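Predicted model only: the values in this text are computed from it and were never measured.
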Amino acid sequence: MSDTLFPEAPSASLAARVLVDGPSELMLDYAVPPGMQDVREGCRVEIPLRGRTATGTVMTLTAPEANGPACMKEISRLINAEPLVSQQLMELARWAARYYAAPLEQMVRCLVPEPVRQERHSEKTHKVAELIRKPGIEEYNRLAAKAPRQTSILQRLKESGRAALIDLGGSAALPACRALERRGLVRILEEAEPRMPAIDEDYEPSAEMELNPEQTAALAGIVEELSAKEKRPILLQGVTGSGKTEIYLQAVSHVVSQGRGALILVPEISLTPQTLQRFRSRFASLPGTVAMLHSSLSDGERFDAWHALHSGRARIAIGPRSAVFAPVRELGLIIVDEEHDASYKQENSPRYQGRDLAVLRAHLEGAAVVLGSATPSLESIHNALCGKYRLARLDHRADGQRLPLTRVLDMRTEPRDKRYAGILSERLRMAIDKRLSRCEQSIILLNRRGFARALQCPDCGHTATCVHCSMPLTYHLTEDLLICHLCGYRAIVPRECPECHSKGILLQGFGTQKVEAVLRKAFPAARLSRIDADVARRKNAVGDILARFRARKLDILMGTQMIAKGLDFPGVTLVGVLNADLGLCVPDPRAAERTFQLLTQVAGRAGRGDVDGEVIVQTFTPHAAAIQFARRHDTDGFAEQELELRRQLELPPFFHFALLTVRSERDALAAFCLEKLHKRLSRSLPPGVSISPPAPAPLSKACGQFRHQCTLKARSARLISDFVSGELAAARLGGDITATLDIDAYSFT
């Protein structure tokens, strides 16, 4: 038999297990060919797959199995000689995939974002001319007589030593620079040109501020943990305005001075530019040290920022929850600002909690981690009380100012015949007017966007509802449309009730757009702007508004929870909260905690300057514990009461909850499949795990799919994820059925 027809399989010293890019989570073994011994775990490779070329990430390298395939396909090409994923990040991805019951391929996608996986987003470069030899007097005079452009370029380079060609005249200067290069006077280089996002701020160097005794003690604790062999996470609990950011800056400065890297997580993309400005100002003497990572950047900007961190050119990464996977070299410190914020929890797969992964990553990389907040999550407070976390407290504001006086106004007693009844109380109207007369600033919070929350017929009770979701459509004045805040469906506003044809159909409730209209009528001379999700869709809109407010070009800033945290404006002396009890009316075990945190955080925006602050909270449930504790800025009191309640009810942090949801375009099919799945789970339920009866979700239909759910509870989340993942795989749900498991769920709707 001819050897040419059946060639002998090449002997390979290693076999690479490759996670193939794509939704199927294929994990296949390939031979490492001779001459490609640089392949390591975490490298990106090109592989043959079913008659086509695919890409993937090397997960493990092992000796080929003796009983493996007779002819294992070889890796076609090594895309990156240096691994794009470190061993610690790979271990983090494996842990998260198992804990959150997520496909490993999705976690690897988080480690290597799409712009980095795609080769077309190569670094942008520009030409630079560098002086390597100064001409003699005679040579210079000859050039001056024959080549004035070359002489002019030489004169520029004598001053600076090097300059970009675009600064020397662009493409017109290239022939002259080439001529100088041939003379041995100049060399032309290609340099990477970072595609930085457009930032209007000028980053002038900022000096370290003198710390008060509380800040000094907190910083000393962080420095101590940095050098400790067994590091504990640090919970930095400081009242609003206590100077947590300055502690962050000095701690990061300490880490960078040691040649190590730092990672700073913020809860909202809108807060990233402000944090970036503070860090770039502090590290202005080290250009390129700070990189920003978030989803609003262009692909090119994300590519450059990611590679700047991966190569070690940038030492500090700043971004929201996805930045927890940033490839920071020699990571020494992770800071999670506003660690309590629910936006650190990802609501679609992979459903990870960024704060918790930050703690794990710090452990894997031998780094210190600081969780900072004025209103820490009950999970973090519980860990501090148990000794798992080290607690550092800042009980006073850094500038010595008092916390703002908070007044709770019972809207049930407000007169109904006033002009702005139900929206703007007379007390709040007078307080705003007083600030305007004194050229002071005010913040108004309403955590509901749009103009009116519903369109309802008073005669038959019909409410305009989304055709894809079981929720009322919200009226938006600027678009003059009814919009679903869940799926984005839009509808024209009917002029009569579609059910009974009554002409008396009315708008019910109010949102930020209506409050903005009311404020403009009440204070026509005031300079006013609004921030909510609708405004945030416009690129740089939030940053521009905040910059104007910081520069005192606005008198009133109103909006949703986007303006409630992390903002420092000394000119704000009044904060008004409308419908403070909105968050208490949802089926969520964390409802009281979120309401307390939101009210305390937004109250902390007032009184950060030389003038004392005031907070007016309008509510229909003034005696709610969350509102009363927030009025006194009493985080400890709220935590003590809420933790005891949760202990009795077996709620987090004493138990872990997982939400199992089944979705289908057919309601009966979703209910039937969950019922069958529930029976299957109940038969083999491990000890210590309990399951609730199946039921329609509070939001029974979303994005065209009906939803049914049940919850599982246990002291160990890993016990739930391992058990349910195996059962879901064995159940083999088909058709249009989708089953999802949300470990440590934050949303139960």
Side-chain angles (χ1 to χ4, degrees), residues 240 267-268 270 338-345 347 373-379 381 406-412 422-423 428 443-450 452-454 471-472 474 485-486 508-512 514-515 531-533 558-566 575-605 615-635 637-639 641-643 645-646 649 651-652 657 659 697-699 744-749:
T240 52
E268 298 272 3
S270 61
E338 309 294 355
E339 65 87 33
H340 67 277
D341 201 279
S343 61
Y344 282 120
K345 175 73 161 116
E347 292 300 333
S373 177
T375 55
S377 64
L378 291 182
E379 286 85 353
I381 291 177
T406 302
R407 307 178 191 276
V408 177
L409 188 62
D410 188 351
M411 293 298 287
R412 296 173 301 179
I423 300 178
L428 181 55
I443 287 179
I444 307 298
L445 170 75
L446 173 63
N447 204 19
R448 174 180 282 156
R449 62 189 176 103
R453 63 175 175 83
M471 65 182 301
T474 301
H485 286 175
L486 196 63
Q508 302 289 346
F510 59 92
T512 50
K514 186 168 185 177
V515 174
I531 291 180
D532 55 22
M558 73 88 44
T560 58
Q561 52 86 26
M562 297 174 68
I563 64 173
K565 56 208 169 194
V575 168
V577 183
L578 312 183
N579 272 11
D581 36 34
L582 269 178
L584 294 173
C585 306
V586 293
D588 191 330
R590 291 183 175 89
E593 180 184 4
R594 289 178 179 172
T595 299
F596 168 79
Q597 290 166 342
L598 180 63
L599 295 180
T600 305
Q601 289 285 340
V602 74
R605 304 311 110 201
V615 182
I616 296 178
V617 178
Q618 296 184 176
T619 175
F620 289 92
T621 56
H623 300 299
I627 293 175
Q628 287 301 317
F629 279 114
R631 180 179 68 83
R632 301 193 296 270
H633 308 277
D634 187 3
T635 301
F638 174 79
Q641 175 176 301
E642 189 71 8
L643 281 172
L645 179 63
R646 292 194 185 184
L649 298 178
L651 296 173
F657 270 71
L659 185 67
L699 183 63
D744 295 335
Y746 267 52
S747 174
F748 289 82
T749 56

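- Note that CG of L582 is 9.0 Å distant from OG1 of T619, once rounded to the nearest 0.5 Å.
- Here the CG atom belonging to L699 is positioned 5.5 Å from the CG atom belonging to L486, to the nearest 0.5 angstrom.
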For T749 and D588, what are the C-alpha separation, side-chain angles and deciding distance, and is it a side chain to side chain contact (heavy atoms under 4.5 Å, CB included)?
CA-CA 8 Å; T749 56; D588 191 330; over 6 Å; no
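- For the pair I627 and V408, the minimum side-chain heavy-atom distance is below 4.5 Å.
- The shortest side-chain heavy-atom distance between T635 and P376 falls under the 4.5 Å cut-off.
- When every heavy atom of L584 is checked against every heavy atom of A591, the shortest pair comes out as CD2-O, 4.1 Å.
- A salt bridge between R590 and E642 is absent, with no side-chain N of the basic residue lying under 4.0 Å from a carboxylate O of the acidic one.
- Taking CG of L445 as the reference point, atom CG of L598 lies at 5.5 Å (rounded to 0.5 Å).
- L651 has its side chain within reach of F657: a pair of non-hydrogen atoms, C-beta onward, lies under 4.5 Å apart.
- Side-chain contact check for E593 versus F638: some heavy-atom pair is nearer than 4.5 Å.
- Scanning all heavy atoms of the two residues, the minimum distance from T474 to G450 falls at CG2-CA, 4.0 Å.
- Proximity of a side-chain donor or acceptor of S343 to a complementary backbone N or O of P267 within less than 3.5 Å is detected.
- The nearest pair of heavy atoms linking L599 to A630 is CB-CB, 3.8 Å.
- Nearest heavy-atom pair, V617 versus A580, reported as atom, atom and distance to 0.1 Å: CG1-CB, 3.3 Å.
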May I have the step-by-step check of side chain to side chain contact (heavy atoms under 4.5 Å, CB included) for L428 and L409, ending in yes or no?
CA-CA 9 Å; L428 181 55; L409 188 62; 5.8 Å; no
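- Within the 3.5 Å criterion, the main-chain N or O of S377 finds a donor-acceptor partner in the side chain of E339.
- Between E379 and P652, the closest side-chain pair of non-hydrogen atoms falls below 4.5 Å.
- A heavy-atom distance below 4.5 Å is found between the side chains of F748 and P589.
- Side-chain contact check for K514 versus I423: some heavy-atom pair is nearer than 4.5 Å.
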Is there a side chain to side chain contact (heavy atoms under 4.5 Å, CB included) between V577 and Q618? Walk through the geometry before answering.
CA-CA 6 Å; V577 183; Q618 296 184 176; over 6 Å; no
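- A side-chain donor-acceptor contact under 3.5 Å links Q601 and T375.
- Residues P622 and R412 form a side-chain contact, since some pair of their non-hydrogen atoms from C-beta on lies under 4.5 Å apart.
- Side-chain atoms of R594 and Q597 form no donor-acceptor pair, as typed in the model, at a separation below 3.5 Å.
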Verdict with supporting geometry, F620 and D410, side chain to side chain contact (heavy atoms under 4.5 Å, CB included):
CA-CA 6 Å; F620 289 92; D410 188 351; 5.6 Å; no
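- Of all the heavy atoms in G637 and F629, the pair that sits closest is C-CE2, 3.5 Å.
- In terms of heavy atoms, A639 sits closest to I381 at CB-CD1, 3.7 Å.
- One finds the CD1 atom of I563 at 8.0 Å from the CD1 atom of I444 (value rounded to the nearest 0.5 Å).
- The CG atom of L446 sits 6.5 Å away from the OG1 atom of T512 when rounded to the nearest 0.5 Å.
- With rounding to the nearest 0.5 angstrom, the NE2 atom of H340 is 4.5 Å from the OG atom of S373.
- Figure legend: cation-pi geometry between R448 and F510 absent, as NZ or CZ is not positioned both under 6.0 Å from the six-membered ring centre and within 45° of its axis.
- Checked by atom type, the side-chain pair D532/T560 shows no donor-acceptor distance below 3.5 Å.
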